[in-house]
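Presented below is the structure to which this report refers.
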Amino acid sequence: NVNIDHSLLQVKAGQSDLDMIGIPTTAAAGLAQQYGVNKGRFFVGPTSCVSYFPMNTARAPFDNVNLRKAVEYAIDRPDQVRLLGAYAGKRTAQMLVPGIPGYKPFNAYPIKGADVAKAKAIGGAAITSAPTLNVIHTTSTASTNRAQVAEFNLKQVGFKVNDVPTPATNYYQVIQTKGTSYNFVTNGGWCADYFDPFDYLNVLFDGRKIQPANNNNYTYFNNASFNKGLDHAASLSGSARAAAYAQLDKDLIQKYAPIVPYLLPT
């Protein structure tokens, strides 16, 4: 509960040893210049995390898979990464991360920038006739900036947007409650509890686990065929397990598109 700028000053002054949350987005380049990277005080390395924007598939308009795919093309992934400053991470368009069994890089959607024309072509007239999107985010500066960029992208392809800033104290209560009224979440992400694809795909996207409250599946995605694939993959081991989860990773994004992965944060 310390302001992130103040926390950085405490660490630099030797009053604290480590900032677990991270640093201000504007500070990374200067710290690298002052201390170097991975040379003693400022460290940058990969994580088991993936950042993504969930879409609520349980209500219109994102019960329409073509509109979800349109959003995949609409979001400018490089812009989102740039918001986080130097050394923030790498762009991605899939759920599994490097180092997790079953990770095979593929780019089903653009990672070099938005493709507005493709988004409009896929969504078609359903975009302009869609109800207004409730875009929810926390009220921090970083979250607000992230939401503003995403909302700009959504408007570019023709969606109508309602900005819904929500205090962090009840943010998760809102998005984790079944029947919630949001459409698009700009504070989404996951880090491994253990290094197995089950922890990403079964834990987050098995629709049979959706309950009245406290859901990790913010998309409320529930597909019988995908659930069956999750069961099958979980029953396997070794290379067969990895191959099955690699296919599920592709299917999740290419066929169903309930989330927009955009960042592998450092």
Side-chain angles (χ1 to χ4, degrees), residues 3-5 8 21-29 49-57 59-62 67-93 109-120 122-123 126-128 130-176 180-190 218-219 257-266:
N3 175 276
I4 194 168
D5 296 286
L8 174 61
I21 299 301
I23 58 173
T25 57
T26 55
C49 304
V50 56
S51 298
Y52 51 83
F53 299 139
M55 291 174 276
N56 189 345
T57 67
R59 68 191 304 265
F62 292 139
L67 290 185
R68 301 198 300 266
K69 289 181 179 180
V71 172
E72 297 278 4
Y73 284 98
I75 294 298
D76 191 319
R77 289 168 173 85
D79 265 3
Q80 290 292 340
V81 177
R82 280 191 287 268
L83 284 175
L84 300 172
Y87 308 103
K90 296 180 179 180
R91 294 160 289 173
T92 190
Y109 303 104
I111 64 169
K112 294 184 178 180
D115 188 336
V116 174
K118 184 76 170 179
K120 288 181 175 180
I122 291 176
I127 293 177
T128 53
T132 300
L133 304 180
N134 291 325
V135 179
I136 188 170
H137 59 91
T138 60
T139 53
S140 72
T141 300
S143 294
T144 301
N145 292 343
R146 184 185 307 120
Q148 287 176 345
V149 171
E151 289 168 6
F152 173 79
N153 293 154
L154 294 168
K155 290 175 183 177
Q156 270 192 313
V157 300
F159 285 106
K160 300 177 290 292
V161 171
N162 176 38
D163 185 68
V164 188
T166 305
T169 48
N170 66 325
Y171 173 79
Y172 284 99
Q173 181 180 354
V174 173
I175 68 172
Q176 291 182 324
T180 181
S181 61
Y182 85 82
N183 299 105
F184 190 85
V185 177
T186 61
N187 291 70
W190 190 255
Y218 310 149
T219 66
I259 58 167
V260 182
Y262 65 92
L263 172 68
L264 298 172
T266 54

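Not one N or O on the side chain of T166 forms a donor-acceptor pair closer than 3.5 Å with the backbone of T138. For R77 (side chain) and V260 (main-chain N/O), no donor-acceptor pair under 3.5 Å exists by modelled atom type. T266 places a side-chain N or O within donor-acceptor distance of the main-chain N or O of A88, the cut-off being under 3.5 Å. Under a 3.5 Å cut-off, the side chain of T92 and the backbone N or O of L263 do not form any donor-acceptor pair.
Nearest heavy-atom pair, P261 versus V50, reported as atom, atom and distance to 0.1 Å: CB-CG2, 4.3 Å. Here the closest non-hydrogen pair linking T219 and P258 is CG2-O, 3.3 Å. Pairing each heavy atom of P54 with each of G188, the nearest pair is CD-CA, 4.2 Å. Taking each heavy atom of A74 and A114 in turn, the nearest pair found is O-CB, 3.1 Å. The nearest pair of heavy atoms linking R59 to S181 is NH1-O, 2.7 Å. Between V157 and A119, the shortest heavy-atom distance links the atoms CG1-CB, 3.6 Å.
T25 contributes atom OG1, which lies 7.0 Å from atom CG of L84 (distance to the nearest 0.5 angstrom). Atom CD1 of I136 and atom CD1 of I175 lie 6.5 Å apart (nearest 0.5 Å). In this structure, CZ in R68 is found 7.0 Å from CE in M55, a value given to the nearest 0.5 Å. Separating the CG atom in N3 from the CG atom in L8 is a distance of 10.0 Å, to the nearest 0.5 Å. Here the CZ-CG distance, from F184 to N56, works out to 12.0 Å after rounding to the nearest 0.5 Å. Atoms CZ and CG, from F152 and D76 in turn, are 9.0 Å apart once rounded to the nearest 0.5 Å.
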Q: Using the side-chain contact (heavy atoms from CB on, under 4.5 Å) rule, take H137 and D163 through it: C-alpha gap first, then chi angles, then the decisive distance, then the call.
A: CA-CA 8 Å; H137 59 91; D163 185 68; 2.9 Å; yes
Q: Start with the C-alpha gap between N145 and V149, add the side-chain angles, then the distance that decides, and say whether side-chain contact (heavy atoms from CB on, under 4.5 Å) holds.
A: CA-CA 6 Å; N145 292 343; V149 171; 5.8 Å; no
(Q) Working note: L67 + I127, criterion side-chain contact (heavy atoms from CB on, under 4.5 Å); need CA distance, chi angles, decisive distance, verdict. (A) CA-CA 7 Å; L67 290 185; I127 293 177; 3.6 Å; yes
Q | Intermediate values then yes/no, side-chain contact (heavy atoms from CB on, under 4.5 Å), F53 and I259 | A | CA-CA 5 Å; F53 299 139; I259 58 167; over 6 Å; no
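Under the 4.5 Å side-chain criterion, counting only non-hydrogen atoms from C-beta, F62 is in contact with V71. Two residues are said to be in side-chain contact when any heavy atoms from C-beta on lie closer than 4.5 Å; P110 and Y73 meet this criterion. A 4.5 Å side-chain heavy-atom check between L133 and L154 finds at least one atom pair inside the cut-off. V164 is not listed as a side-chain neighbour of V135, based on a closest heavy-atom distance of 4.5 Å or more.
Annotation: Y262 is not in aromatic contact with Y52 [ring centroid separation under 6.0 Å not met].
Q156 CD: more than 12 foreign heavy atoms inside a 6.0 Å radius. Within 6.0 Å of the NZ atom in K160, the count of heavy atoms belonging to other residues, nucleotides or ligands exceeds 12.
Residues N134 and N162 have side chains that bring a donor and an acceptor to within less than 3.5 angstrom of each other. One side chain, S140 or S143, offers a donor N or O that lies under 3.5 Å from an acceptor on the other.
Between E151 and R146 there is no salt bridge, since none of the side-chain N atoms of the basic residue sits less than 4.0 Å from a carboxylate O of the acidic one.
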